[in-house]
There are 2 protein chains.
Amino acid sequence: MRPAKVADEAVADALVSAFRRDGYAGAAIRDLCEATGLKSASLYHRFPRGKTDMALAALAWAAGGFGEAVVSPLEAAGDPASRLRRSAAGLRRYYAGGRLACLLAVFAASEAPEPVRDGIAAALARWRDALTAVLAETGAGAPGDEAEDRIAAVHGSLVLARGTGSTAAFRRAVSRMEGLPP
Amino acid sequence: MRPAKVADEAVADALVSAFRRDGYAGAAIRDLCEATGLKSASLYHRFPRGKTDMALAALAWAAGGFGEAVVSPLEAAGDPASRLRRSAAGLRRYYAGGRLACLLAVFAASEAPEPVRDGIAAALARWRDALTAVLAETGAGAPGDEAEDRIAAVHGSLVLARGTGSTAAFRRAVSRMEGLPP
DNA sequence: GTCTATAGGAAGATAGAC
DNA sequence: GTCTATCTTCCTATAGAC
């Protein structure tokens with residue numbers, strides 16, 4: 001096998017950046033070529049089913065990084081408070097303090113093909129389930145609802161950040177994310 | 001002036017639906033023609049600067065409907081509790097109980113041209129300011145933050161609804177929206 | 001595995017008749 | 001104000017050499 005000019009991880013990173021900035025339909029193959037440093041024929045060699053495959057690869061890579069930064073700390077050993085704290089730190093890091101949009105939300109917002117939409121639901125479910133389990137350990141009532149509400153607060157704050165330019169709401173949402181339920 | 005085949009309001013409504021479903025880049029002129037019932041030359045007659053103008057018209061129409069349903073009740077006379085209640089009712093109606101995505105969020109998520117993005121910030125600011133004023137009347141501390149957080153909760157719940165298909169989080173976010181601050 | 005070159009079609013936008 | 005017809009550009013995807 002001939003060595004790849006660009007490592008798979010670097011390609012995936014570049015695809016995530018491009019799709020996050022322009023959306024699925026807004027990102028043209030030409031843009032993905034510029035982002036990855038590969039010509040279109042090379043991209044199609046790696047992703048034979050075309051743009052949908054490129055979006056799926058980006059989604060998988062983004063979900064993997066998110067899982068490592070945010071979900072894994074929730075699933076790790078330790079007391080609930082410190083697991084929430086480590087997960088919140090992962091959130092700040094992953095979204096660069098609110099300056100980065102969520103690829104899931106961008107794809108969910110519109111126009112992504114069916115297989116991509118399926119991946120979104122799975123990634124959200126994994127986060128919600130892990131957070132629900134931690135909140136249940138704290139003895140919170142309706143931990144599933146509380147988990148969904150905290151996740152919604154984070155996503156909503158990212159919408160505001162993109163709409164208004166201010167990341168203050170994101171910082172508050174993450175702070176609330178690491179607190180124990182009342 | 002020759003009578004229009006399709007009323008301006010009907011055209012605006014159709015544009016909102018199409019853009020909300022497919023996003024800015026995902027909605028082709030062809031799709032907008034099917035949605036409005038007009039041929040492309042007729043659309044360009046009404047919107048001489050092309051697709052960007054069509055998106056701006058959709059945004060203005062959506063913001064107008066949102067202002068009437070959600071923001072005006074906040075700015076009306078009456079005690080804070082009933083203004084919040086009427087605004088929350090407008091939210092449920094406007095987003096069809098969480099089943100409809102927010103055009104602002106769809107455009108904000110990605111790929112909308114600069115003039116459209118400016119309109120988004122203005123619409124969000126109007127909502128936030130009106131909500132802040134009502135919350136300040138209730139004597140809440142940091143009413144501006146509280147307003148932003150409530151708005152973020154609604155938008156986040158709409159992201160979840162689109163990603164997971166469940167509108168439960170939206171219903172909770174709106175219920176919290178109409179409550180007085182603690 | 002990556003490239004140049006290009007097919008084939010859909011995209012945004014316009015001309016000019018009615 | 002709306003239409004048919006069309007222009008040009010851009011897009012996704014592929015063929016085939018290296």
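We name chains A, B, ... by the order of the sequence lines, and we start the count at 1 in each one.
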Exercise. Hey, which sits more toward the 5' end of DNA chain D by its nearest nucleotide, Ser40(B) or Thr52(A)?
Key: Ser40(B)
Exercise. Could you check Ile29(A) against Ser42(B) and say which one's nearest nucleotide on DNA chain D is further toward the 5' end?
Key: Ser42(B)
Nucleotide nearest [X] when distance is taken to its side chain, options [options]:
X: Tyr44(B); options: dT14(D), dA13(C), dT2(C); result: dA13(C)
X: Ala4(A); options: dG1(D), dG1(C), dT12(D); result: dG1(C)
X: Lys51(B); options: dT12(D), dG12(C), dG1(C); result: dG12(C)
X: Arg46(A); options: dT2(D), dT12(D), dT2(C); result: dT2(C)
X: Lys39(B); options: dT2(C), dG1(D), dC3(D); result: dC3(D)

Check every strand shown and say whether [X] touches a base, only sugar-phosphate, or nothing at a heavy-atom separation below 4.0 Å.
X: Val6(B); answer: sugar-phosphate
X: Ala25(A); answer: nothing
X: Ala41(B); answer: base

From [atom1] of [X] over to [atom2] of [N], roughly how many Å is that when rounded to an integer?
X: Asp53(B); N: dG12(C); atom1: CG; atom2: C1'; answer: 14 Å
X: His45(A); N: dA5(C); atom1: NE2; atom2: P; answer: 21 Å
X: Phe47(B); N: dT2(D); atom1: CZ; atom2: P; answer: 11 Å
X: Leu43(A); N: dC3(C); atom1: CG; atom2: C1'; answer: 13 Å
X: Asp31(A); N: dC10(D); atom1: CG; atom2: C1'; answer: 11 Å
X: Arg49(B); N: dT14(C); atom1: CZ; atom2: C1'; answer: 17 Å
X: Glu34(A); N: dC10(D); atom1: CD; atom2: C1'; answer: 13 Å
X: Leu38(A); N: dA13(D); atom1: CG; atom2: P; answer: 16 Å

Quiz item: Under 3.5 Å, is there a donor-acceptor pair between the Arg21(B) and Ser17(B) side chains?
Solution: no
Practice problem: Determine yes or no for a side-chain-to-main-chain donor-acceptor pair under 3.5 angstrom, with Asp53(A) supplying the side chain and Gly50(A) the backbone. | Solution: no
Quiz item: Backbone N or O of Gly97(A) within a donor-acceptor pair of the Arg92(A) side chain at under 3.5 Å?
Solution: no
Quiz item: Parallel, tilted or perpendicular: which describes the rings of Tyr95(B) and Phe66(B), with under 30° parallel and over 60° perpendicular?
Solution: tilted
Quiz item: Do NZ/NE/NH1/NH2 and the carboxylate oxygens of Glu178(A) and Arg86(A) come within less than 4.0 Å?
Solution: no
